[in-house]
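Here is the structure we will look at, set down as structure tokens.
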Amino acid sequence: MNDFPRWKIWTIMLVLVTGILFSIPSLIPETTAERFGLGGLPRINLGLDLSGGSHLLLEAQTGDVAKQRLDLMEDSVRQEMRRASPAIDIGDISGANGTLAFFVRDSGQLDAAVEKVRALTNPVGVTGQRDWNVAVVDSTRVTMTPTTAGLNAAVENAMQVATEVVRRRIDELGTKEPTIIRQGDDRIVVQVPGLQNPEALKSLLGKTAKLEFKLVDLTADPALVAKGIAPAGSQILPYPSNPQGAPVIAVQRRAIINGDELSDANPGNEPQSNAPVVNIKFNSVGARKFARVTQANVGKPFAMILDNVVLSAPNINEPILGGSAQISGNYTVQTANLMSIQLRSGKLPVALKVIEERTVGPQLGADSIRAGIIASVIAALAVVVFMLVTYGRFGIYANLAVIINIFIILAVMAFFNATLTLPGIAGFVLTIGTAVDANVLINERIREEQRRGRNPVQSVELGYKEASRTIFEANTVHFISGVVMLLLGSGPVKGFAVVLLIGIFVSYFTAVFFTRMLAVSYLRRKRPSVLHI
């Protein structure tokens, strides 16, 4: 047990030196770190409660999911009926009261139509229930009704996608360690440390960014369009920047290309006027569609639509074969950049409404840091004095272990780019206590072995051997508690759990290996006949 080869000593010292070096950038201001060439080293990020920032609570408009499912299923039904061999002739599809219904003109094709639409439904979970119920009414009418299980599954899927889209949009801003978590079935909590402008965040997250390209309906009567009446197969959409002056325009209901077929979007400038624009690029599928549509509709206007608002409707002067396009409008440099982020990150499958917003000032964080540091210093000083008075030389070893323990915890958090929160500071204070507790167990075991008449070498060997088992078991219980808090907790609880888990491993290392190295080194050099502990 007291055999400490040179490679072990060098390994322990390497870990300690590395931990201290990697903790330094987190202990000094960022500008100072850059001045000394330490700017590239990882450092701990401060959470919202320490650095200030923006807090938003978003609520999904889940009613949109049901409408979207109806629209998608309507398009799928029409497509399947056309693809059938022979094609199945159906009447107009009605979407009244949340149920799709259509007539099959040839009753002999009714069974084929039912088989086709049933193939469009999917099972939900393991219950065997499907996401749509298909029924035949009055011998020729087919109805498709969404089931509750199917709608719930669609909402859950939409919320998962929405959470990921929100995460991608915030990541594009370059913010560090944002917190984006689900709350309940239809809410998302967004916390962005360091961002003091919630309006920019709301503007970024509040838009669905549903981009569509549709042909303008040239057959529409302007007088009827002004009254909100569109021809069959078309719809009326707002057109705020219409050069003709009319605030609305009629476009075909069917989208030729949508934002799902984009591969990239970046802000740029229009070559002639130098006005800010958004340059977009389609993927291979979208590029082929765009080329085909522009070839077939030269001279006709093509509407670019974002969130059901027409941005522009330029004429197609010539076929566009390169798979690229340009969205113009009344953009500033900032709004063009935000638009590019929204399009690159993908559209939100459901609209999000801000129902709560807060801006946390950095002064609150400064007060919290100050109070946390004061509490940590008082706790550390009290522990240092107690250990020194109680255990003498071995108390010094324990105090060194506690100090190094703090440095290594900071280094590990910085390496994993972790975020320090106010509960995390509380975890630091608790870690100091657990680190000392391990040393108390070891020192008391050494005392006990001495009282039994063993010599110093045997006392130290048996003291560390027996205490290490107890320390391992105690830390195992702490580890289980920390993992449960990390997995099931949220926000502050997770911040506390992260520091606690890191502290468990680090305190075990410093208490069992580092202090034993110092004790063995002392025994080899001094060869004392009695330990004053």
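Every value quoted in this text rests on a predicted model; they were computed, and no experiment measured them.
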Mark yes or no for whether [X], through its side chain, and [Y], through its backbone, hold a donor-acceptor pair below 3.5 Å.
| X | Y | result |
| --- | --- | --- |
| T332 | P276 | no |
| S54 | V192 | no |
| S263 | K281 | yes |
| N97 | T99 | no |
| T18 | V15 | no |
| Q61 | E59 | yes |
| Y239 | A313 | yes |
| K214 | R253 | yes |
| R182 | T163 | no |
| D131 | N122 | yes |

Below 4.5 Å, heavy atoms only, C-beta onward: do [X] and [Y] meet side chain to side chain?
| X | Y | value |
| --- | --- | --- |
| I90 | V142 | no |
| T140 | L110 | no |
| V189 | H55 | yes |
| L58 | V354 | yes |
| M413 | V499 | yes |
| F302 | I256 | yes |
| V498 | L486 | yes |
| I181 | Q191 | no |

For residues [X] and [Y], report the shortest heavy-atom separation together with the two atoms involved.
| X | Y | result |
| --- | --- | --- |
| A220 | V225 | CB-CG2, 3.6 Å |
| N405 | A435 | ND2-CB, 4.0 Å |
| V136 | V114 | CG2-CG2, 3.6 Å |
| A265 | S340 | O-CB, 3.7 Å |
| E212 | A255 | OE2-CB, 4.0 Å |
| P240 | V310 | CD-O, 3.8 Å |

Between atom [atom1] of [X] and atom [atom2] of [Y], what is the distance when rounded to the nearest 0.5 Å?
| X | Y | atom1 | atom2 | result |
| --- | --- | --- | --- | --- |
| L57 | I188 | CG | CD1 | 9.5 Å |
| L100 | M73 | CG | CE | 7.5 Å |
| F496 | L501 | CZ | CG | 9.5 Å |
| I236 | N308 | CD1 | CG | 12.5 Å |
| D185 | M159 | CG | CE | 8.5 Å |
| F472 | I504 | CZ | CD1 | 11.5 Å |

Exercise. Taking only residues two or more places apart in sequence or in another chain, which ones pass ring-ring contact (aromatic ring centres under 6.0 Å, His included) with F282?
Worked result: F213, F290

For this session: Go through the steps to decide whether M81 and V117 satisfy the test side-chain contact (heavy atoms from CB on, under 4.5 Å), and finish with yes or no.
Result: CA-CA 9 Å; M81 296 302 111; V117 295; 4.0 Å; yes

Problem set entry | Q160 versus E156, side-chain donor and acceptor atoms under 3.5 Å | yes

Problem set entry | Salt-bridge contact R288-E261 (side-chain N to carboxylate O under 4.0 Å) | no

More than 12 heavy atoms of other groups within 6.0 Å of [X] [atom1]:
| X | atom1 | result |
| --- | --- | --- |
| N242 | CG | yes |
| R254 | CZ | no |
| Y508 | OH | yes |
| F102 | CZ | yes |

Seminar exercise, completed: side chain to side chain donor-acceptor pair (under 3.5 Å) filter on D217, not counting sequence neighbours, yields T219, S234

